[in-house]
Amino acid sequence: MSDIRLRFAPSPTGYLHVGGARTALFNWLLARKLGGTFILRIEDTDVARSTEESVNAILEGMRWLGLEWDEGPFFQSDLFPVYREYVQKLLQEGKAYRCYCTPEELEKKRELAMAEGRKPKYDGSCRGLKEEIPDKSFAIRFRAPQDGITAFDDLVKGSISFNNEELDDLIIQRSDGTPIYNFTVVIDDATMKVSTVIRGDDHISNTPRQILLYEALGFPVPRFAHVPMILGSDKARLSKRHGATSVMAYRDMGYLPEAMVNYLVRLGWSHGDDEIFSREELVDKFTLEGIGKSAGVFNPEKLLWLNAHYIKNGDPARLAELLLPFLRERGVEPTADGPVLATVITTLQERARTMLELADGALFYYRSEVLYDEAAAAKQLTSLQYPILTAFTQRLAAWEDMTPAGIEVLFKEFCTAQGIKMGQVGPSVRVALCGVTSSPAIYDVIAVLGKDETSRRLERAISFVATQL
Ligand code: GLU
């Protein structure tokens, strides 16, 4: 075990976004690699925007990706007394002060500053107040240093510094008594002993404010690693305009968690030119040094390619488990007397790119009545095929070896005996069994369906053809 303590600290105001998931993943990977601790903290101080539904969506997304946490989930809404205690401490030490300015006054000052071409910054009117003003509501501000610089060595971006002059006397507690993010995050990261903060680089400008708070509170400052944002193909920050941004939407579109994990990690991290990483390889190879300085562009085709890879190489029994909900959505419930789903999958996984394609591809195995595609039937199930289908069905009835290789032999012998080519029997049998002309290898299909079901489907096709005689 190492002492490294990492955390993912989402605000529960929506679903688990792919950007958030990647941040979680980087934290999780480093914790697992170094034998450290991964903490989950729900930042729900914004009571109006935080919902339980969103908390559940985030937890579901984390579980789906396999990012199990070691501590938490902690909820900031349970910690208000702790924050209040630290606000009091800062007040008592003169490191924070009551600000009685009303929002309207602040807005006016802001407008004036803008009009005069100054940077809108709190003017410090309440900084020097000696007395409390009774019966007037107040926010609490941090008394930030007004000169000097605050610098840190970012583990991704290198050294970063800010002039303190640029930083405001930050409000740490609103007039309604609720604390704000920049304050709660410091208290929590300090009390939860987080040693390294990995988060999106949209938080870089918050970091100097937080560092000043750590220092004022006498806490050790953690290390920071700010990860570049994820962009869409037009180089704008990834948003719904670019397609789905919710991790769970990808599950619903038929993506596997391992494809998502592999994709997300590569979107910002690299290890040579390698593209495909198992979870174990990621844990082994992941380092913060491998995180790039520039933003990754979300590429749906690459995600699809990875998904196809993981379906193709996936364990059929596991894929079967994941496929069931998709089949049920399509009104199919595999039963013990039907084809075994894992076997069905072995005939389809070579070509399916998503679980939706896998589910659609599996349907014909389970439908009691094959749906003939009109064009396919018009070509392959005509009166011309009647003698061939009938003869083939008879030959099959007497055939013993029902393995794919055995069935291949059956077709070869049948063609020789009839003096025909495979092309004169294969496509018709295929339409009789599957309803369409594209399907898995016909030998595999027959082996999976078994002799009885194959014969039943052939008989039905023969009756269909007979109506045209
Ligand atoms: N709740 C913040 C967010 O979701 C967390 C930022 C941080 O990691 O410090 O953006």
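Ligands are counted one by one from 1 in listed order, and the atoms in each one are counted from 1 as well. Only a predicted model underlies this, so the values are computations on that prediction, with no experimental measurement involved.
- Residues S77 and D44 have side chains that bring a donor and an acceptor to within less than 3.5 angstrom of each other.
- The atoms of ligand 1 that sit less than 4.0 Å from any heavy atom of E43 are 1 (N), 2 (C), 5 (C).
- Counting only residues at least two apart or on different chains, the salt bridge (Lys or Arg N to Asp or Glu O under 4.0 Å) pairs with a member in residues 252-262 are E258-R318.
- For the residue pair R199/T207, the side-chain donor-acceptor check at 3.5 Å is satisfied.
- At least one heavy atom of Y181 sits closer than 4.0 Å to an atom of ligand 1.
- Under a cut-off of 6.0 angstrom, the local environment of CG in D234 is crowded, with over 12 non-hydrogen atoms contributed by other residues, nucleotides or ligands.
- Under a 4.0 Å N-O distance rule, the pair R32/E280 does not qualify as a salt bridge.
- At the shortest separation from atom 5 (C) of ligand 1 among protein heavy atoms lies A9 O, 3.1 Å.
- Shown in contact with S11 at under 4.0 Å from a heavy atom are these atoms of ligand 1, numbered in order with element: 1 (N), 2 (C), 3 (C), 4 (O).
- With atom 10 (O) of ligand 1 as the reference point, the heavy atom nearest to it among H226, H203, Q210 is part of H203.
- There is a side-chain donor-acceptor pair under 3.5 Å between Y365 and T347.
- Under a 4.0 Å criterion applied to the non-hydrogen atoms of V185, ligand 1 contributes the atoms 9 (O).
- Taking distance alone, with nitrogen or oxygen atoms compared against 3.5 Å, P10 stays at or beyond that limit from ligand 1.
- The ligand atoms of ligand 1 that sit less than 4.0 angstrom from a heavy atom of R199 are 7 (C), 8 (O), 9 (O).
- Within the listing of ligand 1, atoms 7 (C), 8 (O), 9 (O) sit less than 4.0 angstrom from a heavy atom of R7.
- Judged by a 6.0 Å distance limit and a 45° cone about the ring axis, R141 is positioned over the six-membered ring of Y122.
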